[in-house]
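See structure below.
Nothing fancy with the numbering, it's 1 onward along the sequence. Keep in mind that the numbers below use all heavy atoms, side chains included, and drop hydrogens, waters and symmetry copies. Because the structure is a prediction, the values reported are computed rather than measured.
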Amino acid sequence: MSRARTGSIPELLLAIDRDGPVALHRQLERGLQDAIRSGRLKPGAPLPSTRALAGELALSRGVVVEAY
């Protein structure tokens, strides 16, 4: 399992398991939802661009677009 910290939102820490059974875009969706529910991602906080987040997490931009 890899963990990546996004540069534009320091409190947003997402875990991606590339070898797990859950699709990458679903993992990203759940990670973002968890960040919202836990308060790490505040209401109105900007999300990184799809290109920036894809680069930070070493994912394709399409995976991030689908998750967003």
Side-chain angles (χ1 to χ4, degrees):
M1 182 179 303
S2 66
R3 287 180 123 20
R5 180 176 293 280
T6 62
S8 57
I9 305 177
E11 64 277 359
L12 184 61
L13 188 63
L14 301 171
I16 301 294
D17 182 2
R18 295 180 194 304
D19 299 321
V22 179
L24 295 175
H25 74 278
R26 293 279 183 233
Q27 292 181 52
L28 183 52
E29 284 175 4
R30 290 176 186 163
L32 291 169
Q33 290 168 349
D34 289 345
I36 291 166
R37 286 185 190 111
S38 71
R40 287 180 292 132
L41 186 58
K42 304 294 182 206
L47 292 174
S49 71
T50 55
R51 283 186 177 90
L53 187 57
E56 295 260 349
L57 298 175
L59 297 171
S60 74
R61 183 171 169 247
V63 167
V64 178
V65 167
E66 194 166 351
Y68 272 14

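- A single hydrophobic cluster is not seen to contain both Leu53 and Val65; linkage of ILVMFWY side chains at heavy-atom distances under 4.5 Å, directly or through other members, places them apart.
- Legend: residues meeting side-chain hydrogen bond (donor to acceptor under 3.5 Å, both in side chains) with Arg26, ordered by chain and number and at least two apart, are Glu29.
- Between Arg51 and Ser49, the side chains place no donor N or O within less than 3.5 Å of an acceptor N or O (distance only, hydrogens not considered).
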Apply the test side-chain contact (heavy atoms from CB on, under 4.5 Å) to residues Leu32 and Leu47: give CA-CA distance (whole Å), side-chain angles for both, the deciding distance (0.1 Å), then the verdict.
-> CA-CA 10 Å; Leu32 291 169; Leu47 292 174; 4.3 Å; yes

side-chain contact (heavy atoms from CB on, under 4.5 Å) evaluation trace for His25 with Leu59 = CA-CA 9 Å; His25 74 278; Leu59 297 171; over 6 Å; no

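- Shown here for Leu28 and Val63, the closest heavy-atom pair between the two residues is CD2-O, 4.5 Å.
- Summarising the geometry, atom CD belonging to Gln33 is positioned 7.0 Å from atom CD1 belonging to Ile36; distances are rounded to the nearest 0.5 Å.
- Within the structure, no pair that satisfies the salt bridge (Lys or Arg N to Asp or Glu O under 4.0 Å) test touches residues 59-68, not counting sequence neighbours.
- Separation of atoms CG (Asp34) and CZ (Arg40) is listed at 7.0 Å; rounding is to 0.5 Å.
- No continuous path of ILVMFWY side-chain contacts below 4.5 Å connects Val64 to Val22, so the two sit in separate hydrophobic clusters.
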